[in-house]
Every structure is written in structure tokens, then in C-alpha cells.
> 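One structure is given below, represented as C-alpha cells, and several questions about it will come after.
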Amino acid sequence: MTTPTGPTGPNPEQGLSVPGYIRDHEVHPPLDYSGYRSTALRHPKRPLTLLPHMLTEITSPVLGHDRLGELDNDLTRQHDEEPQGQRIIVHGQVRDSDGRPVPHTLVEIWQANAGGRYRHVSDNWPCPLDPNFTGVGRTMTDTEGRYRFTTIQPGAYPWKNHDNAWRPAHIHFSLFGRAFTQRLVTQMYFPGDPLFFQDPMWNSIPDPKARERLVARFDYANTAPEWALAYEWDIVLRGRESTPFEAEGDDDDE
């Protein structure tokens, strides 16, 4: 096993700091992956140095249900009419490495519409925007660490990473801890996607078992009759069964 490395720690006398995450290089993708061209421009070129945090950065803002709108976790009801595409329910549980649920965690998602286009000024994929679909949502995990979204099955879309490059359908996830300095970003794939073989984000994960942990499980038992299909995807924060997370700066639309 390779030795995990972390950023250089600050002098304790200089201020507060949040314990850094130790990257497992056998599970998590490298910061620079030749198959994913844009990583060359995004990853740091020098060893990281943790800066002292102010008290407010570590303890605030306090995230709570009072900051969530009624329809924030239902992306199909945020506009006057319903969006185009197959409705899906995405649900799961956030757990720590000991299998304990992580309650009251802010979970945010963003995704492309049914045609594979983001509502983003830089997305020029020639697919129509859906006026009834923004593609963003958020919710808090309950006391058992469970979350639930109702949304639309996102479409695959082309991107210019390599010849005939297409991204598999996916939904981006962001998890906040108790403060904005505690954030993890990852993405969920759908089972049986034929585009896995040429997706550099998928292939940059060294451990095949870790790749599979990014794939949701089709959940027939929780489909809504005559309404929506369902997928279950649990997120494990650390440990041998942890969900691979992205590096800082990789949390864009791609």
C-alpha cells in the first residue's frame, strides 16, 4: 500500500485549523490524470499549505432546516410546469466509517437536464434548455442520515476531452459538515451505463471496487407506481468502503 500524504500543517501557534483529509491513493483519483485533460490546469503544482482558520470559518454558518425551501429537494416542482424526462427518486444514507448514520448534513445536487444540458452559461451543447428544470437541489439528512430527492434522469452529453468523448449520465453531490470548510464533492452514476469504458473520471479511480461504489442501485421496491423510478445510493465518508470524492476545484459541471 502506498503511504497516504496530506497537506503541510500549520504552526499551531498561528491559529485554528481543521484536521486535514488524508487521501488514499489506492482509492481516490490522482490530482493530475493524463486521461482527464483539464486536471493539468486544476491541480496544485506545489505542496499544499494549510492556512490558519478563523473561528467563524470553523463554526459557521450553522446549516439547518430553516434555510431550506419546501421544494428544494424536488427538482420536478420548482417551476410552473413539469420538466421533460423520466422522473426518478434518488435516496440513500450518509454514514461514517463505523457504519453510523450522519444526521443533519446538508446534501446538495446539480445535474444536466434530460437532454444532457446544464443551465450554465458555458454549456454550449446544442440541446434545448428545459425552462422547467434548473437542475439544482438540496436537503438535510434526517436523524438516521437519510436523504431523498425527486428529479429527472439526466442525459449523457458530449465534451471535448478526447475524440468522441461522452460523459455517462451522472448527478453531482456536495456534502457539507458543520461549516463551509468541511465540504466533500462526488458524483453518482447509474447502473449499466455503456459509457463507463471511456470516461476518464471513472477510469482515474485506481480501485475497481471503489468505482462501483459510485454507481447507484436500481431500487424497484421504492419506485412510485405510475410516477417515478427509484435509485438508492449510500455515501460513506471514510474507511475501507468510503465513497471516492473529488479534489478541490473539480466540482464544476463536468
Side-chain angles (χ1 to χ4, degrees), residues 29 33 35-38 73-78 82-92 107-120 122-139 147-175 184-205 208-220 222-224 227-235 243-246 250-254:
Y33 182 70
Y36 181 12
R37 294 190 314 180
S38 20
N73 71 335
D74 188 342
L75 285 68
T76 68
R77 299 171 58 202
Q78 296 174 348
E82 289 195 59
Q84 297 289 324
Q86 171 65 57
R87 293 184 209 91
I88 59 173
I89 296 166
V90 178
H91 70 102
V107 180
E108 296 177 317
I109 64 171
W110 65 97
Q111 63 168 94
N113 66 20
R117 183 167 179 180
Y118 290 94
R119 185 181 288 272
H120 189 289
S122 298
D123 191 339
N124 56 7
W125 154 230
C127 168
L129 285 171
D130 187 335
N132 294 307
F133 189 72
T134 305
V136 296
R138 60 180 184 166
T139 190
Y147 72 88
R148 181 185 178 94
F149 290 99
T150 302
T151 183
I152 293 295
Q153 173 85 30
Y157 57 84
W159 62 314
K160 299 178 181 178
N161 184 74
H162 56 272
D163 181 49
N164 200 19
W166 291 78
R167 291 253 31 231
H170 59 278
I171 298 177
H172 297 271
F173 275 70
S174 164
L175 285 79
L184 294 170
V185 175
T186 185
Q187 54 190 286
M188 184 202 89
Y189 294 93
F190 293 86
D193 198 305
L195 296 171
F196 285 150
F197 78 97
Q198 54 85 72
D199 184 54
M201 296 182 206
W202 172 271
N203 291 320
S204 67
I205 300 172
K209 292 182 179 178
R211 296 176 194 169
E212 295 298 328
R213 293 201 289 272
L214 293 177
V215 182
R217 179 181 69 84
F218 176 63
D219 183 8
Y220 180 71
N222 278 290
T223 58
W227 181 254
L229 298 176
Y231 293 90
E232 182 176 20
W233 190 55
D234 294 336
I235 302 170
T243 303
F245 291 95
E246 300 172 10
D250 284 355
D251 55 335
D252 62 2
D253 292 342
E254 295 173 350

> Would you please classify the geometry between the Tyr147 ring and the Phe173 ring as parallel, tilted or perpendicular, with 30° and 60° separating the classes?
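Ring orientation, 0 to 90° scale: perpendicular.
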> Can you tell me how far apart CE (Met201) and CG (Asn161) are? Round to the nearest 0.5 Å.
7.5 Å
> Heavy-atom distance under 4.5 Å between the side chains of Leu195 and Arg167, does that happen here?
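A side-chain contact under 4.5 Å is absent here.
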> Is it true that a side-chain atom of Gln153 and a backbone atom of Gly85 form a donor plus acceptor pair closer than 3.5 Å?
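Between the backbone of Gly85 and the side chain of Gln153 there is no qualifying donor-acceptor contact (under 3.5 Å).
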> To the nearest 0.5 Å, what is the distance between NE2 (His170) and CZ (Phe190)?
9.5 Å
> Mind checking salt bridge (charged side-chain N to carboxylate O under 4.0 Å, His left out) for Asp74 and listing every partner two or more places apart, or none if nothing turns up?
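Result, salt bridge (charged side-chain N to carboxylate O under 4.0 Å, His left out) vs Asp74: Arg77.
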> Are side-chain heavy atoms of Leu129 and Arg117 found at a separation under 4.5 Å?
yes
> For Ala112 versus Gly155, what's the shortest heavy-atom pair and its separation?
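Minimum heavy-atom separation between Ala112 and Gly155: CB-O, 4.5 Å.
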> Could you tell me whether the side chain of Pro200 reaches within less than 4.5 Å of the side chain of Tyr33, counting heavy atoms only?
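Side chain of Tyr33 against side chain of Pro200, heavy atoms only: contact under 4.5 Å found.
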> Atom CD1 in Ile109, atom CE in Met188: separation rounded to 0.5 Å?
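Atom-to-atom, Ile109:CD1 and Met188:CE are 8.5 Å apart.
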> Excluding sequence neighbours, so at least two apart, what forms salt bridge (charged side-chain N to carboxylate O under 4.0 Å, His left out) with Arg138?
Asp72
> What's the separation between atom CG in Asn113 and atom CH2 in Trp125, rounded to the nearest 0.5 Å?
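Between Asn113 CG and Trp125 CH2, I get 10.5 Å after rounding to 0.5 Å.
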> Looking only at heavy atoms, what is the nearest atom pair of Pro191 and Tyr231, with distance?
CD-CE2, 3.7 Å
> Tell me, with the steps shown, if Ile152 and Thr76 meet side chain to side chain contact (heavy atoms under 4.5 Å, CB included).
CA-CA 7 Å; Ile152 293 295; Thr76 68; 4.1 Å; yes
> With a 4.5 Å cut-off on side-chain heavy atoms, are Arg217 and Asp234 touching?
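Contact flag for Asp234/Arg217 side chains = no.
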> Got a donor-acceptor contact below 3.5 angstrom from the Trp227 side chain to the Ile88 backbone?
no
> Does Tyr118 form a ring-ring contact (aromatic ring centres under 6.0 Å, His included) with Trp159? I'd like the steps, not just the answer.
CA-CA 12 Å; Tyr118 290 94; Trp159 62 314; over 10 Å; no
> Could you check Leu229 against Gln86 for side chain to side chain contact (heavy atoms under 4.5 Å, CB included), going step by step and ending with a plain yes or no?
CA-CA 8 Å; Leu229 298 176; Gln86 171 65 57; 3.9 Å; yes
> Between Ile171 and Pro154, is any pair of side-chain heavy atoms under 4.5 Å apart?
yes
> In terms of ring plane angle, is the pair Trp110 and His172 parallel, tilted or perpendicular, where the classes change at 30° and 60°?
parallel
> Thr243 and Leu214: side chain to side chain contact (heavy atoms under 4.5 Å, CB included), yes or no, with the steps?
CA-CA 7 Å; Thr243 303; Leu214 293 177; 3.9 Å; yes
> For Ile89 and Ala224, work out which heavy atoms get closest and say how close.
CD1-CB, 4.1 Å
> Test side chain to side chain contact (heavy atoms under 4.5 Å, CB included) on Glu232 and Asn222 and set out the steps.
CA-CA 9 Å; Glu232 182 176 20; Asn222 278 290; 5.8 Å; no
> Just how far is it from atom NE2 of His91 to atom CG of Asn73, taken to the nearest 0.5 Å?
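With rounding to 0.5 Å, NE2 (His91) is 13.5 Å from CG (Asn73).
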> List the atom of Ile205, the atom of Pro29, and the distance in Å for their closest heavy-atom pair.
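What the structure gives for the nearest pair is CG1-CD, 4.2 Å.
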> Name the orientation class of the two ring planes belonging to Tyr189 and Trp202 (parallel below 30°, tilted from 30 to 60°, perpendicular beyond 60°).
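Perpendicular.
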> Return the orientation label for the Phe218 and Tyr220 ring planes: parallel under 30°, perpendicular over 60°, tilted otherwise.
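Plane angle between 30° and 60°, so tilted.
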> Would you find a donor on one side and an acceptor on the other, under 3.5 Å apart, between the side chain of Arg119 and the backbone of Gly135?
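No: the side chain of Arg119 does not pair with the backbone of Gly135.
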> List in chain and number order the residues that pass side-chain hydrogen bond (donor to acceptor under 3.5 Å, both in side chains) with Gln84, two or more places apart in sequence or in another chain; answer none if no residue qualifies.
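With sequence neighbours excluded, Gln84 shows a side-chain hydrogen bond (donor to acceptor under 3.5 Å, both in side chains) to no residue whatsoever.
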> For the backbone of His162 and the side chain of Arg37, can you confirm whether one donor and one acceptor N or O come within less than 3.5 Å of each other?
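No, the answer is negative, given that no donor and acceptor are paired below the 3.5 Å cut-off.
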